[in-house]
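Below is one structure, written out as structure tokens; comments come after it.
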Amino acid sequence: MNCKSLPEIIPLERFQGDYSRYQLFLYSIFLKEIKTGMVYQGLKITLRSHPKFEDKEDSFYHLTCKEDYGGITNDRVPDLRRCERLVWLRPTIMTDHILNCGDNCLKIYKKNKRIHLLNDKDRYIVVLEPRKEYTLLVTAFYIEKDHTLSKKMKDYEKHKIEL
């Protein structure tokens, strides 16, 4: 891990492979650290709540499951890399990275009205969408493929925000 603000990942192995227990633990993190009290550039961060699935908000699944490219289904396929890094979301948004980690830790760019917080060293990205009265948390995920990271770096070079 390169960013000094990020905690250790929380792998499924800590739960002896029991995904049900793991998901309950992740959901408690979601409720305590993500759903309440986050702010970005002075605006409260909100999450998509609907549709709910198994009494959990839609945003929780965006943060812990793979994309459903085939349309909306009730199939929620866990993405263990997203799950492990759920604890990275709050520090990525809330930390003053320039003071804590140096100016190379987080690359920020705006593309199609969305703010992208890219940690290229740890291969993690958070996507936010500023609105008039709040900021919507769109998603966050680990970037597994090199070509995807390369594309995100090109986007950064083209659309970077000078701090």
Side-chain angles (χ1 to χ4, degrees), residues 1-7 9-10 26 29-30 33-53 56-73 75-163:
M1 205 168 30
N2 294 290
C3 178
K4 297 173 192 161
S5 298
L6 298 178
I9 64 171
I10 301 173
L26 294 172
I29 290 171
F30 174 81
E33 295 185 16
I34 297 167
K35 191 173 176 184
T36 58
M38 286 199 305
V39 174
Y40 183 74
Q41 294 184 340
L43 291 176
K44 179 183 176 189
I45 292 180
T46 61
L47 306 143
R48 285 193 175 104
S49 295
H50 298 285
K52 285 197 173 191
F53 179 72
K56 293 176 184 68
E57 293 81 350
D58 185 54
S59 289
F60 175 72
Y61 293 103
H62 272 276
L63 300 170
T64 59
C65 293
K66 296 180 185 209
E67 294 288 336
D68 177 14
Y69 294 109
I72 298 173
T73 69
D75 293 333
R76 309 287 187 202
V77 179
D79 181 334
L80 296 180
R81 302 301 77 83
R82 286 181 188 221
C83 293
E84 292 169 342
R85 289 160 179 81
L86 188 63
V87 293
W88 286 8
L89 184 61
R90 185 179 187 91
T92 298
I93 294 170
M94 300 292 292
T95 301
D96 187 341
H97 289 274
I98 292 174
L99 290 177
N100 292 344
C101 308
D103 58 1
N104 273 341
C105 183
L106 200 62
K107 293 170 174 43
I108 302 172
Y109 64 96
K110 187 172 185 177
K111 182 178 176 192
N112 300 329
K113 298 183 182 179
R114 290 184 171 174
I115 303 290
H116 299 250
L117 308 175
L118 174 63
N119 175 338
D120 61 316
K121 308 273 187 307
D122 294 307
R123 303 175 73 106
Y124 186 70
I125 190 166
V126 175
V127 181
L128 305 170
E129 188 172 305
R131 303 285 176 89
K132 193 172 189 174
E133 311 236 342
Y134 62 91
T135 298
L136 180 68
L137 171 62
V138 177
T139 194
F141 56 91
Y142 176 71
I143 302 168
E144 289 190 61
K145 298 185 187 305
D146 290 339
H147 74 272
T148 303
L149 181 59
S150 177
K151 182 179 180 227
K152 299 293 182 194
M153 287 301 295
K154 286 178 186 172
D155 286 344
Y156 167 71
E157 291 301 328
K158 187 173 182 181
H159 304 285
K160 65 183 162 186
I161 296 173
E162 296 298 329
L163 301 175

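The figures here come from the full heavy-atom set of this structure, side chains too, leaving out hydrogens, waters and symmetry mates.
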Side chains of [X] and [Y]: does their closest heavy-atom pair fall under 4.5 Å?
| X | Y | value |
| --- | --- | --- |
| Lys111 | Lys158 | no |
| Leu118 | Ile143 | yes |
| Ile34 | Leu86 | yes |
| Gln41 | Thr135 | no |

Between [X] and [Y], which heavy-atom pair has the shortest distance, and what is it?
| X | Y | answer |
| --- | --- | --- |
| His159 | Tyr109 | O-CB, 3.3 Å |
| Tyr124 | Arg85 | OH-O, 3.7 Å |
| Pro130 | Lys113 | CD-O, 3.3 Å |
| Ile9 | Trp88 | CG2-CZ2, 3.6 Å |
| Cys3 | Cys105 | SG-SG, 3.1 Å |
| Glu33 | Arg90 | O-NH1, 2.6 Å |

[atom1] of [X] to [atom2] of [Y]: how many Å apart, nearest 0.5 Å?
| X | Y | atom1 | atom2 | answer |
| --- | --- | --- | --- | --- |
| Phe141 | Arg82 | CZ | CZ | 6.0 Å |
| Ile45 | Leu89 | CD1 | CG | 7.5 Å |
| Met38 | Thr46 | CE | OG1 | 9.5 Å |
| Leu47 | Tyr134 | CG | OH | 11.0 Å |
| Ile93 | Ile115 | CD1 | CD1 | 11.5 Å |
| Leu106 | His116 | CG | NE2 | 12.5 Å |

- Query: Is there any salt bridge (Lys or Arg N to Asp or Glu O under 4.0 Å) pair reaching into residues 133-153, and which pairs are they, with sequence neighbours excluded?
  - Reply: Arg123-Asp146

- Check side chain to side chain contact (heavy atoms under 4.5 Å, CB included) between Glu157 and all other residues, then give those that pass, not counting sequence neighbours.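 Here the qualifying residues are Lys160.
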
- Please lay out, stage by stage, how Val126 and Leu137 fare under the test side chain to side chain contact (heavy atoms under 4.5 Å, CB included). CA-CA 8 Å; Val126 175; Leu137 171 62; 3.9 Å; yes

- Which is it for Val77 and Cys65 under the side chain to side chain contact (heavy atoms under 4.5 Å, CB included) test, yes or no, and what are the steps along the way? CA-CA 5 Å; Val77 179; Cys65 293; 5.7 Å; no

- Query: Ignoring hydrogens and geometry, is there a side-chain-to-backbone donor-acceptor pair from Thr139 to His62 under 3.5 Å?
  - Reply: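 Yes; at least one donor-acceptor contact below 3.5 Å.
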
- Does any N or O in the side chain of Asn119 come within less than 3.5 Å of the main-chain N or O of Lys121, such that one atom is a donor and the other an acceptor? yes

